[in-house]
Amino acid sequence: MSLQYSVLASGSTGNSLYIETEKHKLLVDCGLSGKRMVELLSHINRDPKDLDGILVTHEHSDHIKGLGVFARRFQIPIYANTKTWQAMSDSIGKIDNDQKFTFETGTVKEFGSLQIESFGVSHDAAEPMFFSFHHEDKKLTLLTDLGYVSDRIKGVIRESDAYIIEANHDIQMLMMGRYPWNIKRRILGDSGHISNEDAGLALSEVIGHNTKRIYLAHLSKDNNMKDLARMSVEQKLGQYGIQLGEDIGLFDTDPDTPTRLCAI
Ligand SMILES: [Zn+2]
Ligand SMILES: [Zn+2]
């Protein structure tokens, strides 16, 4: 049996990833309203009542906006590290103890045959973490919201079958754009977001012979465009001798439309 996934939504307006094996159905983040989360799941013919858990990467509102409402309504367990629990407690409202679980950074959590490896990233939140999902001999990595891709992270995410990776901004567009300087500096800094070029460069170092699909995620709506992101990543990979095409596909994600439910 395969590992199936859909990026339900991605971008500064809200993020959520759906993932399932034959036995378990999970979300990573719940960054849109509870109502919108139900609609997004219905696009891929999935029912919120069947979810076994929601993993939380960090407490920024584009990752937890609907979390409290949605988890309470459908009685879904929430998994986050201790510092993220503390940081988000005021925003998500009361969560029953039997729905509260800790998943610490740098540990592995198992849901049947699915092993989820968490790792820390540099980003301006309490203790942000992202995941590589291991299922049978397949691996899927989710990596957004980080200022730079460290060697440690590259080691963890190496040779994934699929990557959902941040391509937040085009550096030129950001620099020329209307954002005030302190915001620009935050985005460009070590605890901000990675650019299209950063994404391409990191991918060039971690792609393996098994890598089939790359999804560009968390695009800034002001400082990036889908075509530009794809072009920049493709160009960067080309510089390192990696050609996209039949072997490796490059895909968009969208702030408001789920990607096709896909299996690796
Ligand atoms: Zn975010
Ligand atoms: Zn964030």
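When a ligand or atom number is given, it counts from 1 through the structure's own listing order.
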To the nearest 10°, how many degrees is the angle Asp145 OD2 to the Zn ion (ligand 2) to His123 NE2?
90°

Among the N, O or S atoms that His60 has, which is closest to the Zn ion (ligand 2)?
ND1

Check whether any N, O or S atom of His58, backbone or side chain, sits closer than 2.8 Å to the Zn ion (ligand 1).
no

State, to the nearest 10 degrees, the angle whose vertex is the Zn ion (ligand 1) and whose arms point to OD2 of Asp62 and NE2 of His63.
100°

Can you confirm if the aromatic rings of Phe103 and Phe131 lie within a centre distance of less than 6.0 Å?
yes

Does the separation of the ring centres of His58 and His123 fall below 6.0 angstrom?
yes

Quick one: are the ring centres of His169 and His218 less than 6.0 Å apart?
no

I'd like to know if the Zn ion (ligand 2) has an N/O/S atom from His193 within less than 2.8 Å of it, counting both backbone and side-chain atoms.
no

For Gln235, does the CD atom sit with more than 12 other heavy atoms under 6.0 Å from it, leaving out its own atoms?
no

NZ/Lys49: more than 12 non-hydrogen atoms of other groups inside 6.0 Å
no

